[in-house]
Protein chains: 2
Amino acid sequence: MVSPVNSSGSTKERILGAAEVLFAQRGFDGASLRQLTAAAGVNLAAVNYHFGSKDKLVEEVFRRRLDALNASRLSALAKVAGHPDTTLEAVLAAYIRPALDLSHDGNGSLFMRVLARAFAEHDDTLRQFLSANYGHVMRQFTAEFARLLPQLSKQELYWRIDLVTGALTHAMSGFGMIQRKSDVSEHAHREQTAQHLIRFAVAGLSHP
Amino acid sequence: MVSPVNSSGSTKERILGAAEVLFAQRGFDGASLRQLTAAAGVNLAAVNYHFGSKDKLVEEVFRRRLDALNASRLSALAKVAGHPDTTLEAVLAAYIRPALDLSHDGNGSLFMRVLARAFAEHDDTLRQFLSANYGHVMRQFTAEFARLLPQLSKQELYWRIDLVTGALTHAMSGFGMIQRKSDVSEHAHREQTAQHLIRFAVAGLSHP
DNA sequence: GGCCAGTTCAAACGATCGTTTGAGCATACG
DNA sequence: CGTATGCTCAAACGATCGTTTGAACTGGCC
């Protein structure tokens with residue numbers, strides 16, 4: 001009934017890995033600590049010993065991926081933001097490409113599904129955690145969008161960013177709908193996907 | 001801790017109403033039958049008596065709203081589909097406006113949040129139910145999009161529809177971010193929202 | 001060896017879950 | 001009136017949940 005034992009890495013890492021998979025598959029409530037620890041090949045009590053509680057484990061699952069993702073996004077943004085000849089494409093690439101790279105290695109793609117769940121669940125605790133720890137990233141991108149799209153009112157801009165965010169979250173979590181053909185390399189497919197998302201976002205943000 | 005008693009309508013209707021609210025707030029797993037029946041002002045056993053099980057209740061919550069929503073969408077689509085001078089705007093309006101009208105009366109807006117949850121949860125049972133009962137609606141709209149956008153390959157079109165769907169679902173479930181100002185009538189605000197979503201979707205679908 | 005901090009383990013705790021039960025109540029029909 | 005039918009009710013069922021406990025085991029250090 002439950003996935004096989006994972007026997008590589010430390011206990012904490014095995015729990016985090018199994019949690020990412022099961023949270024993506026069954027949700028935060030739906031995945032029990034017993035399923036989770038069985039999949040990770042560790043004792044049930046290990047979660048509370050190493051993380052304190054299930055809620056703290058959820059936070060750690062987010063922290064591990066989001067720290068890397070947002071650092072990568074901000075680093076990419078810093079290279080293009082503020083320059084007089086920066087394009088909308090370049091800023092969107094700084095936002096989208098790190099997420100696609102995350103999908104590439106390990107179970108990172110499952111994490112985007114976990115993230116989509118967090119969006120759908122209007123759980124206040126989780127939203128506050130995300131907003132407090134990673135809100136500044138979206139704020140920096142929003143500021144750059146505002147600079148590149150001066151003709152839009154604040155309200156207009158927020159509307160469009162919200163819609164673009166929804167589209168990207170949906171697309172990256174619902175993965176698998178657009179299958180990679182066998183005659184296309186993974187790298188080429190990722191490049192194709194990035195182009196799709198970026199062009200769509202440019203059109204959605206900058207239409208008259 | 002739990003919302004007050006609802007004392008209007010039949011037992012079945014009170015359960016359905018309370019279920020819609022609580023499923024939107026806490027998810028399908030998160031909302032317990034005890035919270036639900038307490039909010040509806042009915043006995044705990046009433047859910048299993050009238051609906052058979054919690055899962056069947058979930059299906060009924062969807063069926064009640066989706067039957068009306070999709071009938072309205074198909075009716076609107078039938079008025080414009082196939083005509084030689086039909087615009088993309090008109091088809092998108094047929095898709096979007098019925099959903100906004102649903103948000104208008106009663107707790108319909110909460111239902112869009114329930115729908116967004118269903119998207120995020122990759123629960124197979126629920127997805128099969130939705131696909132089996134309402135898949136034909138999306139198929140008809142897709143066919144009309146294909147007719148109006150002959151320059152796009154099938155793969156291109158699916159990509160864009162997927163992204164637009166994500167944007168709309170996200171926007172209509174995340175409601176409240178864009179607040180209605182007190183000096184704007186509700187009808188005017190709804191019209192504004194419709195224009196926003198439609199123009200965004202047109203740009204996303206038809207960009208070169 | 002003896003001790004100790006760090007970790008794992010089986011077992012149990014109380015709470016809550018969806019569901020079932022059987023008695024009790026209401027209304028309608030002969 | 002008697003009784004059948006549809007519904008509501010309090011109470012309990014077994015299962016599963018997150019968490020806690022205290023003993024057992026581990027390695028390194030004196």
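Lettering follows sequence order; numbering is per chain, from 1.
Rounding to whole angstrom units, NZ of residue A:K54 and C1' of D:dT20 are separated by 17 Å. Computed from coordinates, the A:L44 CG to C:dT7 C1' distance equals 15 Å when rounded to whole Å. If you measure from atom CG of B:D29 to atom C1' of C:dC17, you get 11 Å, rounded to the nearest angstrom. The interatomic distance linking A:L33 (CG) with D:dG18 (P) rounds to 4 Å, in whole Å. Computed from coordinates, the A:L36 CG to D:dC17 C1' distance equals 13 Å when rounded to whole Å. Look at CZ on A:F23: it is 12 Å from C1' on D:dG18, rounded to the nearest Å. In this structure, B:R26 places its CZ atom 12 Å from P of C:dG18, rounding to the nearest Å. Atom CG in B:N48 sits about 15 Å away from atom P in D:dC9, given to the nearest Å.
The side chain of A:R34 approaches D:dC17 more closely than any other nucleotide in the set C:dG18, D:dT20, D:dC17. Each of C:dT8, D:dC7, C:dT20 was ranked by its minimum atom distance to the side chain of A:N43; first place goes to C:dT8. Side-chain atoms of B:Q35 lie closest to C:dC17 of the nucleotides D:dC17, C:dC17, C:dA11. The side chain of B:Y49 lies closest to D:dG6, out of D:dT19, D:dA12, D:dG6.
B:F62 and B:F111 have perpendicular rings, their planes meeting at more than 60° on a 0 to 90° scale where under 30° would count as parallel.
Contact check for B:R160 versus B:H207: side-chain heavy atoms found under the 4.5 Å cut-off. Under the 4.5 Å side-chain criterion, counting only non-hydrogen atoms from C-beta, A:Y49 is not in contact with A:T11.
Distances shorter than 4.0 Å separate none of the side-chain N or O atoms of A:H50 from OP1 or OP2 on C:dG6. Distances shown here put a side-chain N or O of B:S32 below 4.0 Å from the OP1 or OP2 atom of C:dC17. Residue A:T11 places at least one side-chain N or O closer than 4.0 Å to OP1 or OP2 of C:dT8.
Minimum heavy-atom separation, B:V47 to B:S53: CG1-O, 4.4 Å. When all heavy atoms are compared, the tightest approach of A:F28 to A:R117 is CE1-CB, 4.2 Å.
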